[in-house]
Visitor: 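If you scroll down you'll find the structure; I have some questions about it.
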Amino acid sequence: MPKNDPTTDPALRSWAEGAGDAGADFPIQNLPYGVVRRAGTGEPFRCAVAIGTSALDLAVLHEAGLFAGTPVEGHNVFAHPALNAFMGMGHAAHRAVRARLSVLLREETPDLRDNAALRDRAFIPLARAEHGLPALVGDYTDFYASIHHATNVGSMFRPDNPLLPNYKHIPIGYHGRASSLVVSGASVRRPSGQTKADDADAPTFGPCKLLDYELEVGVYVGAGNALGAPIPIDRAREHLFGVSLVNDWSARDIQKWEYQPLGPFLAKSFATTVSPWIVPMDALAPFRCPAFKRAAGDPSPLPHLTDAADRERGGIDLTLEVHIASKQMREQNAAPVRISHGHFRDMYWTFAQMLAHHASNGCNMRPGDMFASGTVSGTTPDSRGCLLERTWAGQGKPRQPIELPTGEKRVFLEDGDEVTLRGWCEREGAVRIGLGECRGVVVGADATN
Ligand code: MN
């Protein structure tokens with residue numbers, strides 16, 4: 001990414017409503033992509049960008065000829081209910097469209113600003129927008145890239161040997177279930193499954209008792225690779241489209257009984273919530289930071305996972321939070337409480353390393369595939385990105401519940417709990433950008449909705 005990319009220039013201002021509001025997630029420097037329609041209309045979903053307090057229908061802009069001269073000119077890739085066709089066009093096309101949108105939305109450009117009829121067709125206030133899944137995700141892979149998370153979880157199960165010997169050599173992951181990805185706002189039903197208490201002789205089947213969230217960041221693949229053609233780490237950048245928030249809901253009791261020897265299965269596949277907006281990698285450029293600094297004595301990754309530019313700029317300085325509001329809190333109009341606060345720069349592996357690793361055996365990635373980072377946890381208790389770690393008090397000690405403003409206590413999630421993830425990037429000399437929110441309410445195992 002050239003340092004002079006004009007789309008992230010902090011001096012840019014937009015005429016669009018709300019784009020200049022203090023603390024706005026979607027200023028003109030962001031321009032995240034999603035899929036929307038007017039709520040309650042049943043009209044087809046279309047590709048859009050978020051700007052200020054609105055979604056901007058890109059299919060309408062395309063029909064109006066506003067992408068003339070860009071690589072998307074000949075085919076309205078935005079008149080689809082998913083971003084895959086656009087994602088697959090590759091980084092040069094993404095940059096050209098972003099550059100065009102940035103010009104159209106800046107305060108001095110009249111084309112859309114002064115065309116009220118076109119604005120009426122193209123703008124959908126976010127308050128009245130319904131989101132679809134931004135991409136048709138063919139494959140979803142969940143990594144385990146936080147060494148703090150891996151160490152904490154490992155400590156619970158293997159106090160003497162928390163981190164397995166492969167951890168510092170390969171980005172560990174498992175294949176997630178793409179069919180149960182849902183977009184922010186969808187309720188999540190408590191799963192039922194097979195569990196076995198430590199003191200029981202046999203397993204039983206029933207509703208999960210230890211339901212958890214996992215605070216994660218997802219990255220979507222743009223251009224894919226052919227089967228048999230690995231992606232070298234120094235080319236990974238060209239294949240990464242953008243990032244969003246991911247809540248990898250987890251049933252800890254089901255997980256504990258099923259995870260050996262092949263890893264998580266039904267404990268994870270019942271639902272995964274993604275945020276509606278995908279922040280382009282180009283919008284993140286001002287917030288790239290060095291990759292995690294390995295401790296003295298840690299092994300260097302093998303050459304196919306090593307790249308000087310990635311060490312220097314492969315991290316993302318992204319702040320993340322988890323908020324919770326119980327049903328009782330919402331009924332009392334109590335504000336959600338923040339129960340976790342972490343930083344994505346604490347991840348041991350970068351997205352480029354995850355992609356290069358994933359494709360290193362020749363496995364083909366397709367446009368719209370998603371990788372989630374794994375739970376983002378830091379070194380302090382309040383930076384732990386799931387309740388499994390958050391309420392853990394140490395080996396052999398009882399879990400420490402989190403107390404809510406209503407006096408309710410949480411060790412794991414209860415029915416009616418609403419979990420909201422947020423994330424944003426902020427730095428001196430750059431305009432703050434946000435990822436929006438990733439929200440879901442837990443409903444009971446026998447709920448009918
Ligand atoms: Mn996970």
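No hydrogens, no waters, no symmetry mates; every other heavy atom, side chains included, goes into these values. Counting starts at 1 for both ligands and their atoms, in listed order.
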Visitor: Any salt bridge between Glu43 and Arg37, counting N to O under 4.0 Å?
Guide: no
Visitor: Hey, are the side chains of Glu414 and Val442 touching, using non-hydrogen atoms and a 4.5 Å cut-off?
Guide: no
Visitor: Show all protein N/O/S atoms under 2.8 Å from the Mn ion (ligand 1), or state that there are none.
Guide: Asp142 OD2, Glu214 OE1, Glu216 OE2, Asp248 OD2
Visitor: Please, which pairs that meet salt bridge (charged side-chain N to carboxylate O under 4.0 Å, His left out) have at least one residue in residues 352-363, sequence neighbours excluded?
Guide: none
Visitor: Is there a donor-acceptor contact under 3.5 Å linking the side chains of Glu214 and Trp249?
Guide: no
Visitor: Report the distance from atom CG of Leu404 to atom CG of Asp417, rounding to the nearest 0.5 Å.
Guide: 7.0 Å
Visitor: In this structure, which one of Phe344, Tyr220, Phe241 forms a ring pair (Phe, Tyr, Trp, His ring centres under 6.0 Å) with Phe351?
Guide: Phe344
